[in-house]
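Heads up: the structure comes next, in structure tokens.
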Amino acid sequence: MTDVSIAACLGEDFLAQAWHRAYRHVPGALDVAGMMTWDDLNQILAGHRLEPPRMRLSRDGETLQLGGYTAPVATRRHTVWHRLHPAELHARLLEGASLALDSVDELHPPLARLAEAIERDLRTRVQANLYASWTSTEGFGVHWDDHDTIVVQLDGAKRWRIYGTTRPFPLYRDIEDPGEAPAEPVAELVLHPGDVLYVPRGVWHAVSADQGMRSLHVTCGLQTHTPTDLMTWVCEQLLAHEDWRRDLPLLASPDVQADAMDGMRKRLAELLDDPTLLARYRAAMDGQDVGRMMPSLPYIDAIPADGSLRVRLTTARAVLETGPEAVTLSAAGTTWEFAPEVEAMLRRLVDGSAVDLATLADTAGLALEDVAGLVQELVAGQAATVGSLL
């Protein structure tokens with residue numbers, strides 16, 4: 001998935017015409033062979049203790065009781081966990097329940113690569129949730145999400161009813177309720193394997209497997225970035241100035257309070273007048289993104305100079321900036337400065353590739369030991385992972 005552009009799959013005009021604005025359905029946009037199968041899902045459910053709400057069943061907009069498809073297990077150390085009961089799970093699904101599995105990108109590498117491809121394109125955090133349904137019963141009813149979503153149909157077919165919005169750009173924490181959903185849908189779509197659907201936040205929708213076949217799809221939720229988020233970051237930058245750290249003159253005379261407000265207003269205006277402010281904010285958010293961290297066992301002390309050992313970054317949003325005297329890499333909340341000759345090597349990693357140490361050494365024209373040391377810095381900063389089979 002590292003070489004797939006989700007934005008391109010959604011159309012060359014997606015960012016200009018649909019992004020944050022309108023739903024878009026593109027049939028057959030992706031080759032989903034091997035991306036996620038029913039066998040993969042069975043293995044995940046069997047091999048992990050997926051306590052709710054990580055894994056849950058829903059029907060008609062209501063979450064089913066855990067006891068309806070699991071059995072409690074008490075360990076000898078007096079902890080209790082819930083073992084999935086396959087026969088009861090099958091029964092609930094036959095009765096119309098839908099299965100939801102949150103953050104499946106943390107459990108299944110192909111879907112992690114899908115999420116990272118979206119992150120690399122759209123520069124925001126992505127969480128992938130998996131949904132499986134067998135009947136025409138709606139698992140979640142008519143609802144809206146507080147984030148944009150990109151849906152990929154993996155198997156079978158599912159009907160989507162799109163109803164439009166009642167409050168533009170609603171938030172999870174908002175000051176006004178969006179009210180009731182529109183009575184009639186503005187569009188009805190049936191998704192088949194490989195279809196991609198983009199739905200902006202706040203758009204009411206309902207989903208059902210009413211095509212006489214099972215359905216498996218993944219929904220990639222995109223983290224929002226609003227002006228309030230920008231202002232939170234701006235306020236952090238303002239802490240560099242004394243007049244934004246001092247106590248407010250709450251008990252002072254009106255003229256003193258007015259002077260204080262005027263000073264704050266001028267300082268804030270200086271920042272907001274900066275034409276590079278949004279670009280700086282985006283770079284800061286990209287550099288802070290922790291990605292999907294992965295240990296580098298068994299290499300807990302140092303990375304060996306083994307040319308076959310493979311390396312990849314743990315975040316798809318690393319920021320690489322080049323200057324006349326140094327190359328700066330910001331990733332997973334840490335910033336490094338390297339000599340200019342390693343730019344080509346770092347570029348291979350920032351592009352999302354998993355590359356062996358020997359290739360990196362050849363790219364940079366450095367000794368294998370030097371590259372291993374550089375990679376060790378990235379691993380220590382949680383920005384990279386190494387392994388034989390990455």
Side-chain angles (χ1 to χ4, degrees), residues 15 17-24 53 56 58 60-63 100 102-103 119 122-127 129 138-151 160-187 197-207 219-239 241 243-251 254 257-258 260-274 277-282 284-286 288-289:
L15 293 178
Q17 300 297 326
W19 182 228
H20 303 318
R21 296 177 182 85
Y23 81 88
R24 175 163 292 189
R56 62 198 182 280
S58 297
D60 292 325
E62 299 291 335
T63 300
D102 286 357
S103 299
E119 289 172 347
L122 302 181
R123 313 309 294 187
T124 193
R125 177 68 178 169
V126 171
Q127 176 180 312
N129 296 345
E138 295 176 359
F140 304 94
V142 183
H143 66 284
W144 57 271
D145 296 312
D146 65 345
H147 51 266
D148 292 10
T149 58
I150 292 176
V151 178
W160 286 69
R161 294 177 175 87
I162 309 293
Y163 289 85
T165 61
T166 51
R167 175 172 171 77
F169 311 113
L171 298 169
Y172 175 70
R173 292 185 176 181
D174 210 334
I175 61 173
E176 185 176 322
D177 189 274
E180 298 295 324
E184 297 295 330
V186 298
L197 173 66
Y198 166 73
V199 182
R201 66 181 161 111
V203 173
W204 293 85
H205 56 277
V207 189
T219 293
C220 299
L222 282 58
Q223 180 182 347
T224 58
H225 293 278
T226 68
T228 56
D229 297 315
L230 173 66
M231 291 306 299
T232 298
W233 178 76
V234 164
C235 287
E236 294 175 355
Q237 314 311 304
L238 287 167
L239 293 178
H241 304 287
D243 51 353
W244 273 78
R245 298 197 308 272
R246 62 164 52 108
D247 295 297
L248 290 171
L250 300 179
L251 303 179
Q257 292 181 343
M261 291 299 298
D262 187 55
M264 286 187 288
R265 187 182 303 109
K266 289 178 179 177
R267 190 75 71 180
L268 178 60
E270 289 176 4
L271 266 179
L272 295 182
D273 285 341
D274 180 359
L277 183 65
L278 285 180
R280 288 170 50 210
Y281 168 78
R282 194 191 91 171
M285 295 302 101
D286 284 347
Q288 293 173 18
D289 180 66

Any chance the side chains of [X] and [Y] put a donor and an acceptor closer than 3.5 Å?
X	Y	result
H205	Y23	no
D229	T232	no
T226	T224	no

What's the shortest heavy-atom distance between [X] and [Y], and which atoms?
X	Y	result
R201	P170	NH1-O, 3.0 Å
P249	Q257	O-NE2, 3.0 Å
G263	D243	O-OD2, 4.0 Å
H20	Y198	N-OH, 2.7 Å
G221	T149	CA-CG2, 4.3 Å
W160	V199	CZ3-CG2, 4.5 Å

With rounding to the nearest 0.5 Å, note down the distance linking [atom1] in [X] to [atom2] in [Y].
X	Y	atom1	atom2	result
Q127	E119	CD	CD	10.5 Å
W19	L122	CH2	CG	4.5 Å
L271	M231	CG	CE	8.5 Å
F140	D145	CZ	CG	10.0 Å

So among M264, R267, R245, which one has a side chain to side chain contact (heavy atoms under 4.5 Å, CB included) with L238?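 Output: one option passes, namely R267.
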
Using a 3.5 Å cut-off and no angle test, enumerate the donor-acceptor pairs between side-chain atoms of residues 173-181 and protein atoms at least two apart in sequence or in another chain.
from: D174; atom 1: OD1; to: R167; atom 2: NH2; distance (Å): 2.9
from: D174; atom 1: OD2; to: R167; atom 2: NE; distance (Å): 3.0
from: D174; atom 1: OD2; to: L171; atom 2: N; distance (Å): 3.1
from: D177; atom 1: OD1; to: G179; atom 2: N; distance (Å): 2.7

Side chain to side chain donor-acceptor pair (under 3.5 Å) against R280, all qualifying residues, sequence neighbours excluded: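 Counting only residues at least two positions away or on another chain, R280 forms a side chain to side chain donor-acceptor pair (under 3.5 Å) with D274.
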
Residues passing the side chain to side chain donor-acceptor pair (under 3.5 Å) test with R56, sequence neighbours excluded, are D102

Passing option when T124 is tested against Q223, H225, H147 for side-chain hydrogen bond (donor to acceptor under 3.5 Å, both in side chains):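 Option passing the side-chain hydrogen bond (donor to acceptor under 3.5 Å, both in side chains) with T124: H225.
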
Assess whether atom [atom1] of [X] is packed by more than 12 heavy atoms of other residues, nucleotides or ligands within 6.0 Å.
X	atom1	answer
E62	CD	no
M261	CE	no
D247	CG	no
L239	CG	yes

Is the closest side-chain heavy-atom distance between V126 and I150 below 4.5 Å?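 SC-SC contact between V126 and I150 ruled out.
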
